[in-house]
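Below: the structure, in C-alpha cells.
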Amino acid sequence: MNFNSLKEKQVMDDNGTQANVPETQDDIFQKCLKKVEEWRSAGIEPYGSRYDNVDYIADVRGAYKGDASEVIKKRIAGRVMAFRVMGKSIFADIKDSTGRLQIYVNKNTLGDNFDHFSRIDIGDIVGADGELFITKTGELTLKVHDFKMLSKAMKTLPEKWHGLTDVEMRYRQRYVDLIVNDDARDVLRKRALVVREVRKHLEEQGYLEVETPMIQPLAGGAAARPFKTFYEALNCSMYMRIAPELYLKRLLVGGFEKVFELNRNFRNEGLSRRHNPEFTMLEIYQAYGDCRTMMALVEGLITSVANKINGSMQIKKSDGTIIDLTPPWTIATYSDLVKSKGGPDWFDVDTQERRKRAEKMGLRLDPKAADFEVTNEVYEKLIEPTLINPTFVTRLPADLIPLAKRCDDNPNYVDVFELEINGQEIAPGYSELNDPVEQRKRFMKQLEGNSASGDYELCEGKVDEDFLNALEYGMPPAGGMGVGIDRLAMLLTGADSIRDVILFPHMRPKSNK
RNA sequence: GCACCCGUAGCUCAGCUGGUAGAGCAGAUGACUCUUAAUCAUCGGGUCGAAGGUUCAAGUCCUUCCGGGUGCACCA
C-alpha cells in the first residue's frame, strides 16, 4: 500500500530473494545493529573492554629484522581501514596511532572464529594476536591466531582512495578527518609538539608558566573588541580576555621576574585564513630586560622549536618557496624598509608627494588617511608580504603604537619590534612602559580616541584602575613579547589555513531544520 | 559586513545549449586460502542544500534564504 512496501515487493519480485532491502545510511545502521546482536548471541561482545599488552604498529615493524625464519609474536589493536576477502582467507589493514599493518586471517588457523571475523566491517576497531611473516608480494603481515572485537562502527568511513576532502566536514567532524587523513593528523600532532617544545624551551630558560584570568571585568592589553558574558554569581558583566598582558605586568610588580602564559585569547572579530577569534597566544615578560632581550629570546625559541619539530631550518611552502630560519635574523628599521620602497627621501618630502608616490605604486588610499597611515600602507601592502625569511622590524612610528615606550633618542619612534616571517607578523615585542603617570595619560587618550571613532565601546569607557594602581607600586623595566602560536604552528607545518592547525575551528552551528 | 566561487548517493565525482539522475568506492548476495585501490558476477541505495518563481518540462535558468571556501574589510 505505502511506498516502502511497494518498493520491497518489487525487490522480491526481481530477484526472488528477501536478502536485498533498500539501502540507506540508516539501513546500514540497522544492519550493524543486527550484526551486534548476532555477535552477542555467539558470545562475542562487539564493544570490548581493556586490552592489555598491545604493541604499537611502528614497534612491530621495527621488531622484524629481515629473518623470515624467526618467530615473532605480536599483539596489535586499531581500526580496520581495508578488508579484502578471498574465500577462506582475508587480508585487512589495521591502523593505530603509529602506522598501518596488514593482517592475514585464514580458516585453518581461526576455525569457527573465521566466520565471526569475516563479518567485520571497515571502520571497526579490533585487537589481534599473531605472528609476523612476509607475504609473497613482500609485505610484512601479522598472521592472526586470535582476535577481539573492541568497537563496532555503525557508520561507514569516507572512501578509501580519495578520503575525505569536503573542507566543511573535515572541520565539523574532525574525528573523521583524523581517522582518514594522515596529513591532517600529522599537522595537528606537530602543533601539539610545538606547544610542548615552546614550554620546554622557556622553562629551561628559567621562565615560569602562570595562568591569569580568562574572564575579566575589563578586557585590556590590546585594541580589540571582546566577547561579552555575564557572571551570574557576581551579578555583573564580564569579558573574555583579549590579552593577558595587564595581569602579567601585575606579576612583574609582584616580583615574578620571568613569566610566560600560553593560552587562549578571544577577540570578537571576523574569521579568515589567518585569523581565528579564539587563538592561542604566548606572552612572555622579563624584568630588567627590553625588546632586544625579547629578540634574542624569540630567535632562540623559534629556531630551537623548528629544529626539534622539523630537524631543519628550512621550511618548504606549498608554492615551493623556501623559508630559511637560519640565525642570525635580519634586523631592519621601519623607516629604512619604507625608504627602500618609497625612495630615500620619503620622510623628507611633503604629504602630497607621499600620497602621489603611494598611489603610483598601486595603493588605493583612503582620502581621510592620516600621513602616518599612508606610510603604513606602503609598509603593510608592499613590504610586509615580501619579508619571507625572519626579519625584526624595529623603531616603529609612535603614532602606530601609542602605548609603547618611546625610543631614548627620538620620541617619534617606539622601542619595539615586529617579527615578520613568511609575510606575516609572528611576534611583536616591546620595551614595556613602566611610568604610571604616562600610562594613565595614554589610557585616557586611547579612550578618547575610541569614543571619537565610535566603532565600539572599549570596555564601556572604563580604565583598568587596578592595573594603574599596580604600576604605581613600581614595575621594573621589562621586555615583553607575544607569539601567535597558531601562526607559528602554521609556519612550522606549512599549513595554508589557520584552521588546519586548530583541532576544532569555529563553525556556524547548523540550524536543526 | 562586501565581492566572487561551491553545495548531486555514506564518501569521491560526472551530468552539454532545460527533456525527468549516473560511475567508482563503501553496502548486500554468490565465487575465490598470498590479496593490497584485490578480482569477477548480480543487486539495492537520491527531498540534486532549502523555499519560491519562469516553463509543457528545472539538478540545469531567475530570486531569496541556509551552509562552506577564497579575497577584501575589521583586526595583530
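Letters A, B, ... are given to chains in the order of the sequence lines, protein chains preceding strands, and every chain is numbered from 1.
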With sugar-phosphate meaning primed atoms plus P, OP1 and OP2, does Gly163(A) contact a base, only sugar-phosphate, or nothing at under 4.0 Å between heavy atoms? sugar-phosphate

Look at all strands and tell whether Arg487(A) reaches a base, only sugar-phosphate, or nothing, counting heavy atoms closer than 4.0 Å. nothing

Check the side chains of Arg191(A) and Thr280(A) for a donor-acceptor pair under 3.5 angstrom, ignoring hydrogens and angles. yes

Roughly how many Å apart are rC61(B) and rA9(B), using the C1' atom of each and rounding to a whole number? 25 Å

By the 4.0 Å heavy-atom rule, please label Phe29(A) as base, sugar-phosphate, or nothing. nothing

Measuring only the C1' atom in each nucleotide, how far is rG52(B) from rC66(B)? A whole number of Å is fine. 14 Å

What contact category does Asp166(A) fall into here, base, sugar-phosphate, or nothing, at under 4.0 angstrom with non-hydrogen atoms? sugar-phosphate

Secondary-structure string, 5' to 3', Watson-Crick or G-U under 3.5 Å, | for another-strand partners, for RNA chain B: (((((((..((((.....[..)))).(((((.......))))).....(((((..]....))))))))))))....

N/O (side chain, Ser89(A)) to phosphate O (OP1/OP2, rC34(B)) under 4.0 Å: no

Rounding to an integer number of angstrom, what distance separates rU42(B) and rC5(B) when you compare their C1' atoms? 42 Å

Given the rule in the ring-ring contact (aromatic ring centres under 6.0 Å, His included) test, do Tyr104(A) and Phe133(A) qualify, once you have shown the distances and angles that lead to the verdict? CA-CA 10 Å; Tyr104(A) 171 74; Phe133(A) 76 107; 5.7 Å; yes

Give one of base, sugar-phosphate or nothing for Gln30(A), where a contact means two heavy atoms less than 4.0 Å apart. nothing

Quick one: label Val85(A) by what it contacts on the DNA or RNA (base, sugar-phosphate, nothing), any heavy atom closer than 4.0 Å. base

Side-chain N or O of Arg84(A) versus OP1/OP2 of rA38(B): is the shortest distance under 4.0 Å? yes

Nearest-angstrom distance, P atom, rC40(B) to rA51(B): 40 Å

Taking only the P atom of each, what is the distance from rC25(B) to rA41(B) in whole angstrom? 11 Å

Between rA26(B) and Lys31(A), is there an OP1 or OP2 to side-chain N/O distance shorter than 4.0 Å? no

